[in-house]
Amino acid sequence: MATLFDLSVPGRRAGAQLPPAAPPPDDLPGELLRRDPPALPEVSELEVVRHYTRLSQRNHGVDTGFYPLGSCTMKYNPRGANALAMLPEFLERHPLAPEGHGQGLLACLHDLQEILAAVTGMAAVSLTPAAGAQGEFAGVRMIRAYHEARGDHQRDEMLIPDSAHGTNPASAVMGGCRAREIPTGPDGDLDLEALDAALGPRTAGIMLTNPSTLGLFERNIQAIARRVHAAGGLLYYDGANLNAILGRVRPGDMGFDVVHLNLHKTFATPHGGGGPGAGPVGVSARLEPFLPIPRVGHDGHDYHWIESADRPQSIGRLSAFAGNLGVALRAYVYARMLGDPGLARVSGHAVLNAAYLMQRLRALGYEAAYPDRRPGHEFIITLKREAHAWGVRALDVAKRLLDFGIHAPTTYFPLQVPECLLIEPTETESKAELDRFVEAMARIREEAEHDPERLRGAPWTTPLRRLDDVRAAREPDLAWRPE
Amino acid sequence: MPFIPHTAAERAAMLEALGLREMDELFAEIPPDLIDESAAGLGEGLSEAAVGRLMRERARADGHPLNFIGAGAYAHHIPAAVWELASRGEFYTAYTPYQAEVSQGTLQLVWEYQSMMTALMAMEVSNASLYDGASALAEAVLMAVRVQRRLKRRRVLVPRGLHPAYRETLATLTAPQGVELRELPFDPRGGHLAPESLAPWSGEEITALVIPQPNFFGVLEEVHALTDWAHAQGALVVAVVNPLAMALLEPPGRWGARGADIAVGEGQPLGIPLSSGGPYLGFMCCRQVHVRQMPGRLVGRTRDAEGRPGFTLTLQAREQHIRRAKATSNICSNQGLMVTAAAIHMALLGAEGLRRTALACHARLRDLSRRLCALPGIEPLFDRPVFHEQALRLRVPVAGVLRSLAAHNILGGYALGRTYAELDAGLLVCATEVHEERDLETFETKLARIVAARGEVKCPIKPNW
């Protein structure tokens, strides 16, 4: 599709959006003034509206079709939450407005802090991390700060399972730790012998997702917590998969000291084509002084910001203001709509949908990576047999699904399962939608055996066919340039 | 059950297909002593109507004050089309565009955004966004350290005239990498970073110099001289700029003889509501030669299997999902929907609209400044040219003045004493194109009365804090 730059005509404007013309200011030094205008497109308002409407139609979203993207929890994003987060008073409030002009907002944020503390079994929560990765960074920094405050300066090793999301080791390193990988055993649980061998006086902590990225509940979590704590380390809970246990199991009860949540997964806020997310962090009482600022406090009468002067041991500020508060408001509205009874229903139906899909796909001949385990809210199938027999890869199956109006599952992650698809249906999909997915997978399996080119050339019906990633990387074309 | 479509019959059929009778059996692998379904204190679920009423009541409590605070977040007109389009489900509910064939909408939009940002900054490359201006600065400093990895010291010079919250964020995010942040004083008369004040650093090993334009006080820096000085020392230049101002002021790519090396800033003025501070949009631009050290996502133009032009995420070997512990950053989710809004906003305003907006902001500020400085006991704090914001010196205590103004539903600016002990008498005021003549008049009239009564004017409305 033509770019907006291709539509540009010199002198064309969206007139309703322009302030009146004015002469250049006489009080600014000439050498600081821009000499020539930036080469932005010159287009009318209708051209802009039509261009971006058409572009939107070249996207797959939860609103347009099934999105079983493992580890991403692509559930329905309630429109009501969006509308209420965008009330004009919330949108127009300045971040540095006095607390007296923000008691309504602060009440919502304070309530949300309490809700998240309750569902994770933590003592206190800070909403400020802007995404899961920033929550991880905050968690790593708090663990380091806790050890430092006790004079335990040598604890700089973060243990991370080989199945972990890539942000875990990246965050550990950004937070000043060394990432040390712990293997997963053949049954999908963490290798306890390897864990014991790794624990020692340099252990800062361990970062775990539970259920893991394999979609399996770590059955030895209590033993792991005992051993890590006995070695002087702390436990970090990556909340990417909280949707599988919401309202049933609390990370705090499993022995975790720090958690982060992804509001854009578990609490139904949108992914927005890549963000904004929100990655609030919760901690047990002994880590409360280290939480990132600002947070919201309540003195029994009014709400107020807790700043660095109030918490001198805080790991500090993570962004200029208080983080992605608009996302927090959406999560708050969602949580209030769920209510207490809704929490366990979310995890119940998320797991029911995953277990049902796994069963149906196995009946078609697909191989589950962990057939003897009960899946959590997601599960893995491995296509190594199909790759060997018919020469079709996980990528080909993923691309072919696009032709059925279904978004591809996550591919080639976790790294230790060959030719894998990580499938997460979420609780907001109906049985009919799941059955439609099963039908598509049945047909794809037949094609894999009898007409593998159908898969290797897929997708066929999307606006474009497969993109040349090698060319994109070899000859980077990252911005429009005048001819 | 909100948002769960299952009927009792469907649930029963699915359980039966699994050979189960109860939902709880799905969780059989979890040690029973960990299961705890006690309430989280949420009570019963609310309908959309009921939660709507609650939220509207709370929103109303926050009111609609007349605002003259800037300090890193600015009220501007946002065309209605911006959020109507950005809120379309196809943009709002899509994931990161890893499946390029069904994500061409987001991918092309981000590529167009990258194109517009590079044009605005006069730089070669833009990424697809970071969280906000402050965290983008921290990422830029870490990037500068990687580019300059041959240096023994990781020393970065940071002006005290840079936004205080940016300096705090920078410290939080770079301390773990052993980055040494050294503060440069601002000139007490001009409020700027005087190039001659850098003399003590000449000949020292420096990784990067941070240059804000304008700085926190609204004061314009001597960007050309500062940039040339840094380059002569072998330091990189990290520009921190207001993107709207770059429609009027010389952009980072044109600073000095060679231009800045990395440009970052807060994209909020480009179509993003104030929203109490977030979600906003951190932007980052750099030179082509440094692109492999850049953090965050990048969209590139390529061809599909039939030779048609299309877009895809590229140079991903920098990122955490490929490089894990060796990635350029841990960033994964960015601010995609804010990029959507910013691209549409820039497309609607165009270069001319952005320039006129910047001019209107400047004109309003001059008008406001003229009015306020005509009042007794109020004068400019610094004597250098400003954009968009002006620091004033008040003879009466600033905190009391702001409290009295707030009681009249006016947010009269940012008390500089909050973060600069040496500027206790300083008040930073901001005006943009959204302020009309009568708004300035209201501010002036109320402030005149308050100042006349030495900040102790009797309030008809009792402050509620």
Side-chain angles (χ1 to χ4, degrees), chain A residues 14 18-19 22 37-40 48 52 55-56 58-63 80 84 87 89 91 93 95 100 104 118 130-131 133 166 169-171 176 179 270-277 316-317 319-321 324 336-337 339-340 348 351 356 430-431 462 464-465 467-468 471-472 477 479-480, chain B residues 5 10 14 23 26 39-40 42 44-45 48 55 58-59 61-62 85 88-90 93-96 100-102 104-106 115 118-120 131-132 134 165 168 172 176 273 277-279 300-302 304-305 310 312 314 320-321 324-325 327 330 333-334 336-337 348 351 353 356 359-360 465:
Chain A
L18 268 56
L40 300 185
V48 171
Y52 288 108
L55 275 187
S56 77
R58 292 157 79 88
N59 258 10
H60 183 103
V62 176
D63 282 7
L84 295 172
L87 292 172
E89 293 91 342
L91 289 188
R93 186 178 177 278
S171 299
H271 286 74
R317 177 178 287 286
S319 59
F321 301 109
N324 289 337
R336 293 301 304 266
M337 287 197 276
D340 279 322
V351 173
Y356 175 77
S430 67
K431 179 173 178 294
T462 48
L464 293 179
R465 303 269 308 282
L467 279 299
D468 186 345
R471 177 193 169 116
D477 175 2
W480 181 84
Chain B
E10 286 170 335
M14 292 169 79
M23 293 284 279
L26 292 163
L42 276 166
E44 286 299 311
E48 186 179 301
M55 295 300 282
R58 287 186 170 178
D62 293 355
L85 290 166
R88 283 181 65 92
E90 299 92 332
T93 69
Y95 190 69
T96 301
E101 300 85 354
V102 289
Q104 284 299 303
T106 292
S115 303
T118 53
L120 196 53
Y131 305 131
D132 81 329
E168 281 181 46
T172 308
R301 184 160 59 176
T302 182
D304 82 344
T312 186
T314 194
Q320 48 75 26
H321 61 283
R324 298 175 76 84
N330 68 341
S333 283
N334 58 20
L337 199 65
L348 281 168
R356 287 193 198 178
L359 283 169
W465 63 90

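This one's a predicted model, so the numbers in the text were calculated from it and none came from an experiment. Throughout, a chain's letter reflects where its sequence line sits, starting with A, and its residues are numbered from 1.
- Using a 4.5 Å heavy-atom cutoff, the side chains of A:Thr462 and B:Gln104 are not in contact.
- Between chain B and the options A:Ala179, A:Gly273, A:Pro37, the largest number of non-hydrogen pairs under 4.5 Å is found for A:Gly273.
- Only the side chain of B:Met23 comes within less than 4.5 Å of a heavy atom of chain A; its backbone N, CA, C and O stay farther away.
- Residue B:Gln320 comes nearest to A:Ala170 through the heavy atom pair CB-CB, 3.8 Å, listed as atom of the first residue, atom of the second, then distance.
- Here B:Leu348 contributes atom CG and A:Leu18 contributes atom CG; the two are 10.0 Å apart, rounded to the nearest 0.5 Å.
- Residues B:Thr106 and A:Asn59 bring a donor and an acceptor atom of their side chains to less than 3.5 Å of each other.
- Note: A:Leu464 leads A:Val62, A:Leu464, A:Val351 in heavy-atom pairs under 4.5 Å with chain B.
- No other option in B:Ala165, B:Pro273, B:Ala325 has as many heavy-atom pairs under 4.5 Å with chain A as B:Ala325.
- Interatomic distance, CZ of B:Arg88 versus CG of A:Leu55, reported as 10.5 Å (0.5 Å rounding).
- In terms of heavy-atom proximity, B:Glu48 sits nearest to A:Met337 at CA-SD, 4.1 Å.
- Of the listed residues B:Arg58, B:Met55, B:Glu44, B:His321, the one with more heavy-atom pairs under 4.5 angstrom with chain A than any other is B:Arg58.
- For A:Leu91, the parts sitting under 4.5 Å from any heavy atom of chain B are the backbone and the side chain alike.
- Residue B:Leu85 touches chain A through its side chain alone, counting heavy-atom pairs closer than 4.5 Å.
- Most heavy-atom pairs under 4.5 Å with chain A, from the set B:Gly89, B:Ala100, B:Gly300, B:Gly310: that is B:Gly89.
- With rounding to the nearest 0.5 angstrom, the CZ atom of B:Arg324 is 11.0 Å from the OG atom of A:Ser171.
- The minimum heavy-atom distance between B:Ala59 and A:Leu87, with the atom names listed, is CB-CD1, 3.9 Å.
- Side-chain atoms of B:Asn330 come within 3.5 Å of backbone N or O of A:Ala133 as a donor-acceptor pair.
- Looking at B:Thr96, both its backbone and its side chain come within 4.5 Å of chain A, counting heavy atoms on both sides.
- Taking chain B as the reference chain and counting heavy-atom pairs below 4.5 Å, the highest number among A:Ala131, A:Pro19, A:Gly176 is found for A:Pro19.
- For B:Asp132, the part sitting under 4.5 Å from any heavy atom of chain A is the side chain, from C-beta outward, and nothing else.
- Chain A forms more heavy-atom pairs under 4.5 Å with one residue of B:Ala327, B:Ala134, B:Ala351, B:Gly353 than with any other, namely B:Ala351.
- Here the shortest heavy-atom pairing between A:Asp340 and B:Ala39 reads OD2-CB, 3.3 Å.
- Taking CZ from A:Arg465 and CG from B:Asp304, the interatomic distance works out to 7.0 Å, rounded to the nearest 0.5 Å.
- Using modelled atom types, one side-chain atom of B:Asp62 and one backbone atom of A:Gly104 make a donor-acceptor pair closer than 3.5 Å.
- In terms of heavy-atom pairs under 4.5 Å with chain B, the best-connected choice from A:Ala39, A:Ala22, A:Pro276 is A:Pro276.
- Smallest separation of non-hydrogen atoms from A:Ala479 and B:Ser115: CA-OG, 3.4 Å.
- A:Asp477 contributes atom CG, which lies 4.5 Å from atom CZ of B:Arg301 (distance to the nearest 0.5 angstrom).
- The greatest number of non-hydrogen atom pairs below 4.5 Å with chain B, out of A:Gly61, A:Gly339, A:Gly274, is found for A:Gly274.
- Side chains of B:Glu101 and A:Leu467 form a contact here, defined as non-hydrogen atoms less than 4.5 Å apart.
- When atom types are taken as modelled, the side chain of B:Ser333 and the backbone of A:Gly275 share no donor-acceptor pair closer than 3.5 angstrom.
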